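Single-structure report; data block below.
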Amino acid sequence: MKQDSFLHELDPRAKLLMAVIYTLCTLIFTDIVPLLIILLSLLPLIVNGKLFKKWIKSIKGLSFLFIIIIFLNTFFISLTFAIAMIIRITIMISAFSLFFLTVDPNDLALSLISMKIPYSIAFSFSLAFRFIPTIAIETENIKDAQQSRGYELQASGIINQVKNLFPLLVPLIICSIKRAFNVAEALESRAFGSNKKRTHYFTIKFTWKDWIFTSYLLLLLIFMIFIRINLNLFPFLTWSMDL
Amino acid sequence: MIQTSHHVPVILVKNVEYTYPNKTIALRGINLKIAKGEFIAIMGKNGAGKSTLIRTFNGLIRPSKGNVFVKGENAQKHTIAELSSVIGLIFQNPLHQLFSNTIEEEIRFSLKNLNLDKNEIERRINGTLEIFNLEKYRNRSPLNLSGGETKKLAAASIMCRNPEILVFDEPTLGQDAKEIEFFINLIRNELSKEKTIIVITHNVEFAIEYIPRVILMADGNIIADGPTNEVLTKEMLINESSLVLPQIYQFNMALNLIGIPSPKNVYSKKQMFDFLKEYMKKNQAISRRVFNNGIRLSKCF
Amino acid sequence: MLSIYIELKVILAYYRMDLIKFNNFFYRYKGNQDYALNDINITIPDNKFILLAGETGSGKTSLIRCLNGLIPQFYPGYYKGSVEIGGVDTTSISIANLSTTTGIVFQNPENQLIAMNVEHEIAFGLENLGIDREVITERINQSVMLTEIEHLLHKTPYELSGGEQQRVALASILALEPKILVLDEPTGLLDPSVAKKILLLLQKIQEEKGMTILISEHRMDLVLPLVDEIILMKNGKVIAHDTKEHIINSKRFIDLNISHPIMFSLFSDLRKEGIEIKKLPTSIPEALELLKDFIRV
């Protein structure tokens with residue numbers, strides 16, 4: 001699980017800043033070329049973190065959305081705009097998935113705390129993170145159990161489709177409540193919510209790498225704002241495939 | 001002990017491999033033949049591939065390579081629903097399937113897609129509730145039952161569909177002696193109706209006492225397939241599967257070491273009981289005679 | 001201030017009181033008619049290995065929940081009587097404060113692991129109690145060594161087998177250095193040989209630490225050789241609490257609908273046939289010992 005690429009080693013706060021700044025940068029452009037440049041600037045990080053396959057996978061997951069965007073935007077606005085929109089979404093999703101793919105979930109809670117978020121809230125985030133795979137497996141098992149008694153996943157008509165969810169949802173909710181009680185018992189038994197001031201045994205540290213990365217991000221933002229303001233000076237940036 | 005049958009096996013697994021989407025290899029070339037009316041245990045440590053294997057039987061998992069044949073027909077060509085009317089999988093955690101308001105409704109749901117007429121459905125519900133001693137709870141919520149009863153209800157909701165092959169996943173887990181006895185009787189009853197029964201279990205004592213054939217799995221392979229007596233007494237296989245040697249077998253070996261001449265092929269509690277009863281009664285009688293003679297002798301002096 | 005006072009009270013109480021004491025304790029869960037615990041009067045002594053046995057639904061889990069105040073604090077319901085831990089009523093002190101007296105390990109290892117790696121997992125309880133860093137390091141090292149999981153320290157819960165997960169859960173409780181370790185069917189979901197290893201580990205811990213271990217366990221064959229005392233439960237009541245020898249040879253134990261050890265049921269069947277057996281064996285060595293009397297002649 002623990003890897004040691006540049007991105008993996010960064011402080012979660014620096015990585016979160018990356019996601020935010022990349023999002024901001026994409027929001028100020030509606031042209032293909034500058035957006036493409038921004039997207040390309042993410043590539044070294046993806047390659048360095050050996051995340052190419054996972055990244056492609058998360059982008060592929062959006063293909064349905066892309067088709068809708070192309071269809072609607074070309075129809076109402078223009079193909080250039082449609083493609084720009086797609087690149088925009090790709091950048092945002094990439095930046096955030098880079099964050100989630102490389103953040104150590106243990107540090108996630110710590111970084112939230114360092115941003116002055118109360119421990120109980122930060123902890124519930126990391127707890128949710130911890131149990132997502134468990135609940136995913138449970139959902140599969142419920143599906144298997146119901147299908148083994150003749151339940152069919154597909155149903156026709158909206159009312160039937162909703163009704164059809166009950167055999168899956170009810171057991172899932174019941175099992176989740178049961179699990180929540182189990183987890184709560186385990187937490188209580190380990191002094192969770194004790195009235196003493198909590199020690200934080202583990203810490204996260206902003207190292208020189210993080211400072212360099214943060215400076216890079218800020219420069220990037222300033223640079224992009226500069227370009228946005230002077231967009232007319234660089235005609236190639238506003239290249240469009242429409243006539 | 002293996003019954004060789006002349007007709008088509010009810011389940012035939014041929015070179016089946018399966019890799020999960022996350023690249024975990026679960027099955028690495030499984031070959032298996034199960035004849036009608038057999039009673040089989042599938043054993044092995046957690047993660048050996050037992051659950052994956054039984055899921056290939058009714059199509060919940062489609063092999064990456066190889067084929068599963070159910071009653072001679074390629075499972076690949078049938079839906080899960082079709083296969084599940086022949087093969088009933090009863091999973092470990094009953095809470096994964098109970099969702100209805102009443103127990104009656106729970107069973108009715110299982111009968112829905114079988115194209116049965118109304119009278120037959122009612123007949124099946126009543127019959128099933130009776131077999132499982134659940135009539136008195138008919139209108140209760142499944143969530144108000146005890147642990148043992150929920151486990152029964154989960155089995156009932158599969159067995160009401162009357163599948164020819166039944167697969168139980170850990171039926172004895174967390175159950176009391178009486179509940180285990182209920183399941184054994186249930187299985188015996190099904191076997192008498194020529195049903196085929198497959199049980200996933202970690203319970204060595206349960207397997208050696210009741211189940212004639214065992215399939216031992218490790219790391220996605222079948223490492224042994226044969227009579228339970230033979231397989232479960234091989235120390236190497238047992239260690240590889242994180243199981244323990246059956247107690248009666250260990251006891252029997254120890255008996256021989258301390259000089260009690262027990263026969264070699266004693267594996268079940270019943271056999272051991274018969275031997276010890278004879279042996280102890282005999283020796284008890286001898287010891288009494290010696291003791292009494294001792295008293296008589298002492299009186300002479 | 002209050003918490004310091006309470007702690008002092010707990011510490012002082014250790015020197016003169018039983019570890020845990022139930023006084024005419026009744027409890028029923030909210031929305032339930034039947035008493036899950038019905039007039040419980042037991043004391044749990046120091047430095048003993050105790051088995052809690054009974055049919056499913058006999059109240060074992062509920063009794064265990066009383067031992068660190070989960071009942072009645074976490075599970076709301078109706079109760080009468082009291083449970084004292086180290087002389088302090090469990091309703092007058094928080095569950096968190098009781099965690100250094102009673103440590104509970106539950107059946108499902110998966111649901112007890114709440115952190116993303118083992119080191120964080122073990123530190124969690126200690127952090128909650130506001131313990132100093134140096135002490136935490138020391139405690140992590142100790143409990144990791146005791147449970148033999150040094151090699152797992154940086155693994156995530158998903159990378160661990162069930163047995164390893166349960167060891168981690170155990171380590172995270174032991175790090176709190178409780179006086180009594182309670183386990184609610186800790187091996188229920190584990191492979192037989194893994195279960196055996198965990199139980200032997202418990203024996204080692206009990207001997208090394210001199211603590212009381214209370215365990216509810218289905219695998220009678222494996223657990224009985226380890227225990228000193230047995231508490232028998234039925235329908236929410238404690239029907240017997242005595243030394244192992246006394247309980248095992250009592251009719252109550254035979255009549256209970258639990259999976260008895262194979263040697264035990266084998267020889268109790270033989271006894272029914274009229275063969276003289278004074279003490280019923282629970283393990284193979286005991287059974288052999290018994291049979292030697294029959295060969296000597």
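The sequence lines fix the lettering, A, B, ..., with proteins before strands; numbering per chain opens at 1. On a predicted model such as this, the values are computed, not experimentally measured, just so you know.
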Contact part of B:Leu173 toward chain C, heavy-atom cut-off under 4.5 Å: side chain, backbone, both or neither?
side chain
Hey, mind stepping through B:Glu179 and C:Asn257 against side chain to side chain contact (heavy atoms under 4.5 Å, CB included) and telling me if it holds?
CA-CA 9 Å; B:Glu179 288 151 352; C:Asn257 173 32; 5.7 Å; no
Nearest heavy-atom approach of C:Phe267 to B:Leu276 is CZ-CD1, 3.8 Å
Is the number of heavy atoms from other residues, nucleotides or ligands under 6.0 Å of C:Tyr79 OH greater than 12?
no
Close side-chain approach of B:Met280 and C:Leu290, heavy atoms under 4.5 Å
yes
Give a yes or no on this: more than 12 heavy atoms of other residues, nucleotides or ligands lie within 6.0 Å of atom NZ of B:Lys281.
yes
Got more than 12 heavy atoms from elsewhere within 6.0 Å of NZ, B:Lys136?
yes
Does a sphere of radius 6.0 Å around CG in B:Asn189 hold more than 12 heavy atoms from other residues, nucleotides or ligands, not counting ones at 6.0 Å or beyond?
yes
How long is the gap from CG on C:Asp191 to NE2 on B:His202, to the nearest 0.5 Å?
4.0 Å
Using 0.5 Å steps for rounding, measure from the CD atom of C:Glu55 to the CD atom of B:Gln175.
13.0 Å
Check whether any side-chain heavy atom of B:Lys45 sits under 4.5 Å from a side-chain heavy atom of C:Val194, and report yes or no.
no
When rounded to the nearest 0.5 angstrom, what is the spacing between NZ in B:Lys277 and NZ in C:Lys272?
13.0 Å
Nearest-0.5 Å distance that lies between atom CD1 in B:Ile248 and atom CD1 in C:Ile284
8.0 Å
Between CD1 on residue B:Ile260 and NZ on residue C:Lys292, distance to nearest 0.5 Å
9.5 Å
Do other residues, nucleotides or ligands put more than 12 heavy atoms under 6.0 Å from C:Glu150 CD?
yes
Chain C contacts, top residue of B:Gln250, B:Lys270, B:Lys178 (heavy-atom pairs, under 4.5 Å)
B:Lys178
Is a side-chain N or O of B:Asp176 found less than 3.5 angstrom from the main chain of C:Ile258, in a donor-acceptor match?
no
Tell me which of these, C:Leu190, C:Ile277, C:Leu256, C:Leu270, has more heavy-atom pairs under 4.5 Å with chain B than the rest.
C:Leu270
Chain C contact via B:Ser146 - side chain, backbone, both or neither, heavy atoms under 4.5 Å:
neither
Quick one, B:Phe251 and C:Leu291 - any side-chain contact, counting heavy atoms below 4.5 Å?
yes
Are there over 12 heavy-atom neighbours, none belonging to C:Asn235, within less than 6.0 Å of that residue's CG?
no
Which value, rounded to the nearest 0.5 Å, describes the distance between C:Leu266 atom CG and B:Gln247 atom CD?
10.5 Å
Is there a side-chain contact between C:Glu273 and B:Phe273 in this structure, where contact means two heavy atoms from C-beta onward sitting under 4.5 Å apart?
yes
Does any non-hydrogen side-chain atom of C:Ser259 lie less than 4.5 Å from one of B:Ile180?
yes
Side chain, backbone, both or neither: which part of B:Leu255 has a heavy atom under 4.5 Å from chain C?
both
The interface call for C:Leu189 against chain B, heavy-atom contacts under 4.5 Å, is both
Under 4.5 Å to a heavy atom of chain C? For B:Leu243 that would be both
